[in-house]
Trainee: 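My questions will all concern the structure given below.
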Amino acid sequence: MAKIEILERGTSGYEEARDDVVWNGRTPGRRPDAIVLATGPEDVQAGVRIARERGWRVAVRSGGHNFVGVSLRDDGLLIDLSRMRKLTVDLASRTATAEPGARTEEALEQWRAHGLAFGVGHCPTVGLGGFLLGGGMGFNTGAWGFGAEQVSAVDVVRADGELVRASNEEYPDLFWAARGAGPGFFGVIVRYHLVLQPDPAGLTSHSYTYPLGALEEVVSRLDEVTDQLDPAVEPMGWIGKTHGHDGEPDPESDRVFLLNALAYLDTPERSLEALAPLREGPLEDLAVERTVATASFKDLFDFQRLLYRRARYAVDCIWTDEPPATQPLADLRDQMNAAAGDRTHALWQLPFGNYRGSREDMAAGDLGRYYLALYSAWEHEDEDAENIAWLRRTMQPWEPASTGHYAGDVDLLATGTRSARTLSPAKWARLQELRAVHDPDGVFHHHLETE
Ligand SMILES: Cc1cc2nc3c(=O)[nH]c(=O)nc-3n(C[C@H](O)[C@H](O)[C@H](O)COP(=O)(O)OP(=O)(O)OC[C@H]3O[C@@H](n4cnc5c(N)ncnc54)[C@H](O)[C@@H]3O)c2cc1C
């Protein structure tokens, strides 16, 4: 068995390691008995075996970006994979491997250096581990699908400490769960095997800015346009305060509705052509500002770095099949105008690019056509209650038509059913059956609020 260093509670290094686990400034106070800073699969195997011997439950952390800090649990062992960041690429087969601690930007840059790409998430520092395990809503979902759809196999340390490869051919149940189970997975993924895409060298961004008062009118015209778009065009709505070049929101500005579409074609000309339904359709005349420009992934990451500066966050989301025109837009507009934090914003996938109805081959992926996520952001602890209450209040009118939640952004503590609703009822039931088979002794922590 590999010799590993275990940082036990009360010993030197434990507090620093614990404080580093959660990216959200609103880090929960939960404390594991011990933390292992794993550097390779053998450390993970040793960690799982030691946890079994000592009767500890196991929690896992990759990039630490889960908003409710789900990897921090009271008691048991935390296996921290943030040092496992190795990336490889095979040019002949256009495939890659990634360790789970690898971050979005470093991975994409390494693959793009070879003319290849992958549907990583939009934020540069998110860990591939949690992102892919929850499904992964990354770049170009319309053409490339969820991140998890671009995974061909995973290497998993199971509850007995064995390291196995799971794919559609070997351990298909484990592979099914690894593509969507999110924080309720019953194993540790130590390596992802990925299928890469050609780099979309003609990446182009098209933005319209509208006054928030025009929200209902713009949204009522949306379907007419989005139905005509190429799958490689990703339309996203955003509501928030305008940001200056320093990335700071202008506190005096009114919130606006921004409609941004990214076209991921191989030349700027083809991207512009794919964006024509936006220019030529009914969304043009209401816009107060228009920007069309070639874009780079670096620009997109830089923007995200500014938007998601480290602060205190509460985030929640829903999937819905309710068409945009009949969604509770007036409530959303009023609540956005009333939001306290200048950085608080809403993000909307209109529709979510990859929605193709039910799919059985992976746990993630068939919950709804539209996606709304709310990000409440603020600075000081004494503002927690106000900002969390705003989030829950704003989400309320959306709940009746909600078909579920996305594992990556869900506020697991909002209700007792959030985790279960990250999958369809049938898939959730299957996940529990598989958990009983693959982790009969309950070595791994369950979803947060079901414990
Ligand atoms: C600023 C920001 C921007 C974001 N942008 C996007 C985006 O564009 N698209 C998107 O889809 N999501 C996005 N997210 C959500 C993000 O993808 C999820 O929160 C994801 O879980 C983060 O992965 P992580 O490895 O960093 O998280 P962690 O907090 O380390 O992991 C979350 C949980 O997943 C499980 N887990 C993680 N890795 C493993 C593993 N290797 N084996 C077993 N279990 C594991 C554990 O239960 C762990 O507690 C964003 C989050 C933030 C904070």
Side-chain angles (χ1 to χ4, degrees), residues 20-28 30 32 38 41 44 47-48 57-73 78-82 84-85 98-105 119-141 146-148 154-159 166 174 177-178 180-192 234 236 300-301 303-311 313-315 317 343 345 347 349 352 354 364 371 373 375 377 406-412 419 422 439 444-448:
D20 184 48
V21 169
V22 176
W23 173 87
N24 189 349
R26 198 164 63 89
T27 300
R30 298 183 292 266
V44 176
V48 169
R57 292 188 99 181
V58 173
V60 184
R61 180 251 180 159
S62 285
H65 277 55
N66 176 278
F67 282 101
V68 293
V70 67
S71 49
L72 267 188
R73 302 297 182 102
L78 170 63
I79 302 184
D80 184 331
L81 309 172
S82 59
M84 291 176 54
R85 291 164 87 141
E99 287 189 333
R103 307 305 172 104
T104 298
E105 187 175 28
V120 289
H122 304 84
C123 165
T125 52
V126 165
L128 288 187
F131 169 77
L132 291 171
L133 187 57
M137 295 164 65
F139 291 122
N140 202 5
T141 46
F146 278 96
V154 286
D155 294 345
V156 183
V157 174
R158 302 197 311 165
L174 207 51
F185 188 59
F186 33 80
V188 187
I189 298 173
V190 293
R191 191 176 296 110
Y192 283 95
E234 185 172 63
M236 262 199 225
L300 300 178
F301 286 139
F303 174 71
Q304 293 274 323
R305 237 184 299 273
L306 294 171
L307 185 63
Y308 294 107
R309 191 164 59 66
R310 199 155 184 264
Y313 287 86
V315 175
C317 60
R343 290 178 172 276
H345 63 274
L347 191 78
Q349 301 249 15
F352 176 65
N354 185 47
Y371 180 73
Y375 301 80
Y406 171 49
D409 291 334
V410 64
D411 178 5
L412 289 174
S419 286
T422 58
D439 185 12
F444 291 101
H445 276 286
H446 211 294
H447 287 84
L448 187 60

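As the structure lists them, so they are numbered: ligands from 1, and atoms in each ligand from 1. Everything numeric in this text was worked out from a predicted model, so none of it was measured.
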Trainee: Give me the residue, atom name and distance of the protein heavy atom closest to atom 24 (P) of ligand 1.
Mentor: G63 N, 3.5 Å
Trainee: Relative to the heavy atoms of H122, which atoms of ligand 1 are at a distance of less than 4.0 Å?
Mentor: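 Those atoms are 7 (C), 8 (O).
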Trainee: Could you check whether any side-chain heavy atom of R30 comes within less than 4.5 Å of a side-chain heavy atom of L448, counting everything from C-beta outward?
Mentor: yes
Trainee: Considering only protein heavy atoms, which is closest to atom 42 (N) of ligand 1, and at what distance to one decimal place?
Mentor: I189 N, 3.0 Å
Trainee: Please check if the distance between the ring centroids of F301 and F139 is under 6.0 Å.
Mentor: yes
Trainee: Can you report which non-hydrogen protein atom sits closest to atom 13 (C) of ligand 1, along with the distance?
Mentor: D409 OD1, 4.2 Å
Trainee: So, 4.0 Å and heavy atoms of G138: is ligand 1 close enough to count as a contact?
Mentor: no
Trainee: Any Lys/Arg nitrogen of R57 or D439 sitting under 4.0 Å from an Asp/Glu carboxylate oxygen of the other?
Mentor: no
Trainee: Going by the order shown, which atoms of ligand 1 are within less than 4.0 Å of some heavy atom of P183?
Mentor: 47 (O)
Trainee: Say whether, by atom type as modelled, one donor and one acceptor occur between the side chain of T104 and the main chain of V126 under 3.5 angstrom.
Mentor: yes
Trainee: Rounded at 0.5 Å granularity, tell me how far CD1 in I189 sits from CG in L132.
Mentor: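 Reported value, rounded in 0.5 Å steps: 8.0 Å.
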Trainee: Between R343 (side chain) and A377 (backbone), is there a donor-acceptor pair under 3.5 Å?
Mentor: no
Trainee: Please answer whether the main-chain N or O of F67 pairs with a side-chain N or O of N24 as donor and acceptor at a distance below 3.5 Å.
Mentor: yes
Trainee: Mind checking whether L128 has an N or O less than 3.5 Å away from an N or O of ligand 1?
Mentor: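 Among all N and O atoms of L128, none is under 3.5 Å from an N or O of ligand 1.
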Trainee: Quick check: closest heavy atoms across N66 and A407, and the distance to 0.1 Å?
Mentor: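 Minimum heavy-atom contact is ND2-O, 4.4 Å.
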Trainee: So which heavy atom in the protein is nearest atom 29 (O) of ligand 1, and how far is it from that ligand atom?
Mentor: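 Residue, atom and distance for the closest contact: N66 N, 3.1 Å.
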Trainee: Relative to each other, are the rings of Y308 and Y313 parallel, tilted or perpendicular (30° and 60° limits)?
Mentor: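 Tilted.
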Trainee: Does the protein put any heavy atom within less than 4.0 Å of atom 6 (C) of ligand 1?
Mentor: no
Trainee: For G182 and ligand 1, does the shortest N/O to N/O distance drop below 3.5 Å?
Mentor: no
Trainee: Can you sort out which atoms of ligand 1 are near L81, meaning under 4.0 Å from one of its heavy atoms?
Mentor: 40 (C), 41 (N)
Trainee: Regarding atom 21 (O) of ligand 1: of the candidates G130, S62, G184, which has the closest heavy atom?
Mentor: G130
Trainee: Relative to the heavy atoms of V126, which atoms of ligand 1 are at a distance of less than 4.0 Å?
Mentor: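 Taking each heavy atom of V126 in turn, ligand 1 has 3 (C), 4 (C), 17 (O), 22 (C), 50 (C), 51 (C) under 4.0 Å.
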Trainee: Would a 4.5 Å heavy-atom cut-off, applied to side chains only, mark E234 and T141 as touching?
Mentor: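 Yes - at least one pair of side-chain heavy atoms lies under 4.5 Å apart.
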Trainee: Return a yes/no value for P100: is any of its N or O atoms, backbone included, closer than 3.5 angstrom to an N or O of ligand 1?
Mentor: no
Trainee: Is ligand 1 less than 4.0 angstrom away from at least one heavy atom of Y406?
Mentor: yes
Trainee: How close do M137 and H122 get, counting heavy atoms only, and between which atoms?
Mentor: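 Closest approach of M137 to H122, heavy atoms only: O-CE1, 3.5 Å.
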Trainee: For atom 15 (C) of ligand 1, which protein heavy atom lies nearest, and how many Å away is it?
Mentor: G408 O, 3.4 Å
Trainee: Are the side chain of R103 and the backbone of G101 linked by a donor-acceptor contact shorter than 3.5 Å?
Mentor: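 Side chain of R103 to backbone of G101: a pair is present.
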Trainee: Could you tell me whether a side-chain N or O of Y192 sits under 3.5 Å from a main-chain N or O of P100, the two making a donor and an acceptor?
Mentor: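 No: the side chain of Y192 does not pair with the backbone of P100.
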Trainee: On a heavy-atom basis, I'd like to know which of G121, A364, G187, G129 is closest to atom 43 (C) of ligand 1.
Mentor: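 Going through G121, A364, G187, G129 one by one, G187 has the nearest heavy atom to atom 43 (C) of ligand 1.
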Trainee: Give the numbers and elements of all ligand 1 atoms closer than 4.0 Å to a heavy atom of V188.
Mentor: 42 (N), 43 (C)
Trainee: Give me the nearest non-hydrogen protein atom to atom 35 (C) of ligand 1 as residue plus atom name, then the distance to 0.1 Å.
Mentor: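 For this ligand atom, the closest protein heavy atom is L133 CD2, 3.7 Å.
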Trainee: Any nitrogen or oxygen of W23 lying under 3.5 Å from a nitrogen or oxygen in ligand 1? Just yes or no.
Mentor: no
Trainee: Working to the nearest 0.5 angstrom, can you tell me the gap between T422 OG1 and L412 CG?
Mentor: 8.0 Å
Trainee: Under a 4.0 Å heavy-atom limit, does V190 contact ligand 1 with its side chain, its backbone, both, or neither?
Mentor: neither
Trainee: Please confirm whether Y308 comes within less than 3.5 Å of ligand 1 when only nitrogen or oxygen atoms on both sides are compared.
Mentor: no
Trainee: Which residue supplies the protein heavy atom nearest to atom 3 (C) of ligand 1, what is that atom called, and how far is it?
Mentor: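 Nearest neighbour among protein heavy atoms for atom 3 (C) of ligand 1, to 0.1 Å: C123 CB, 3.2 Å.
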Trainee: Are any of the N or O atoms of R61 closer than 3.5 Å to those of ligand 1?
Mentor: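 Not met; the criterion fails.
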Trainee: What are the two closest non-hydrogen atoms of A177 and L133, and how far apart are they?
Mentor: O-CD1, 4.5 Å
Trainee: Report the nearest protein non-hydrogen atom to atom 48 (C) of ligand 1: residue, atom name, distance rounded to 0.1 Å.
Mentor: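 Result for atom 48 (C) of ligand 1: V60 O, 3.0 Å.
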Trainee: With a cut-off of 4.0 Å, which atoms of ligand 1 are near a heavy atom of G127?
Mentor: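 In order of numbering, the contacting atoms are 23 (O), 24 (P), 25 (O), 26 (O).
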Trainee: Angle class for the H65/W23 ring planes (parallel below 30°, perpendicular above 60°, tilted otherwise)?
Mentor: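 Answer is parallel, since the angle falls under 30°.
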Trainee: List every atom of ligand 1 that sits less than 4.0 Å from any heavy atom of M137, numbering the atoms from 1 in the order shown and giving each element.
Mentor: 7 (C), 8 (O), 9 (N), 10 (C), 11 (O)
